[in-house]
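Some notes on the structure that comes next.
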Amino acid sequence: MRFSRAQRLCNATQFKRVFAHPMRTGKAGFIVLCRANDLTEARLGLAISKKCARRAVDRNRLKRIARESFRIHCQSIPPVDIVILCVHGAPKIPNTQLFSYLERAWVIIRNPSCVAS
């Protein structure tokens, strides 16, 4: 399945809405913020800063991992807007561990009490 434009947060207003009142989850590597939306599918936004990953190669790797994990699990995620931030030191964490952190975040987001916010 493709990561389509309809599954992305595209403008600042959409990001600000999530940042205003988020449900927060995450461990080392990524912080995942989410907020329910009125659409039929989940949308993803990435905010991987230079502050946490200095090199473009590292930022791009973190984005690829986040997108791929979302793409795999998007069918089982309820209609929420999600913003993924990286934590300082994330570029040093192996890919498999980053995927497992995101896997846990998706499980928490699937919990109905989390989506009701």
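Starting from 1, each residue takes its place in the sequence as its number. The figures here come from the full heavy-atom set of this structure, side chains too, leaving out hydrogens, waters and symmetry mates.
In the displayed structure, R24 atom CZ is contacted under 6.0 Å by at most 12 heavy atoms of other residues, nucleotides or ligands.
For the side chain to side chain contact (heavy atoms under 4.5 Å, CB included) with F70, the lone residue among V32, I82, I84 that qualifies is I82. Screening L33, V18, I109 against M23 for a side chain to side chain contact (heavy atoms under 4.5 Å, CB included) leaves a single residue, I109. In summary, of the residues considered (Q14, R35, R43), a side chain to side chain donor-acceptor pair (under 3.5 Å) with D81 occurs for R43 alone.
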From CA spacing to verdict: side-chain contact (heavy atoms from CB on, under 4.5 Å), R104, V107
CA-CA 5 Å; R104 284 187 222 142; V107 169; 5.6 Å; no
How far apart are the C-alpha atoms of Q7 and R71, what are their side-chain angles, what is the distance that settles it, and do they pass the side-chain contact (heavy atoms from CB on, under 4.5 Å) test?
CA-CA 9 Å; Q7 294 175 311; R71 188 188 65 76; 5.9 Å; no
Residue pair F19, L85: steps toward the side-chain contact (heavy atoms from CB on, under 4.5 Å) verdict:
CA-CA 11 Å; F19 285 126; L85 308 164; 4.2 Å; yes
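F30 and I48 make their closest contact through CE2-CD1, 4.4 Å (heavy atoms, listed as atom of the first residue, atom of the second, distance). In terms of heavy-atom proximity, A90 sits nearest to G29 at CB-O, 3.4 Å.
Atoms OG and CD1, on S100 and I93 in that order, are 9.5 Å from each other to the nearest 0.5 Å. Interatomic distance, NE2 of H73 versus CG of L44, reported as 12.5 Å (0.5 Å rounding).
Using a 4.5 Å cut-off on side-chain heavy atoms (C-beta onward), T13 and K16 make no contact. Taking the side chain as every heavy atom from C-beta outward, R61 and N95 approach each other to under 4.5 Å.
Using a 4.5 Å cut-off between side-chain heavy atoms of Ile, Leu, Val, Met, Phe, Trp and Tyr, with links allowed through other members, V87 and I108 fall into different hydrophobic clusters. Residues I77 and V83 are members of separate hydrophobic clusters, defined by side-chain heavy-atom contacts under 4.5 angstrom among Ile, Leu, Val, Met, Phe, Trp and Tyr. In the hydrophobic cluster analysis, where Ile, Leu, Val, Met, Phe, Trp and Tyr join through side-chain heavy atoms closer than 4.5 angstrom, L62 is grouped apart from L9. In the hydrophobic clustering of ILVMFWY residues, with side-chain heavy atoms under 4.5 Å counting as a link, I31 and V80 come out apart.
Residues that satisfy the salt bridge (Lys or Arg N to Asp or Glu O under 4.0 Å) test with E41, not counting sequence neighbours, are absent from this structure.
For R17 and N37, the side-chain atoms include no donor-acceptor pair closer than 3.5 Å. Between the side chains of W106 and S76, not a single donor N or O lies within less than 3.5 Å of an accepting N or O.
Proximity of a side-chain donor or acceptor of E68 to a complementary backbone N or O of R64 within less than 3.5 Å is not detected. In this structure, R59 contributes its side chain and R54 its backbone to a donor-acceptor pair below 3.5 Å.
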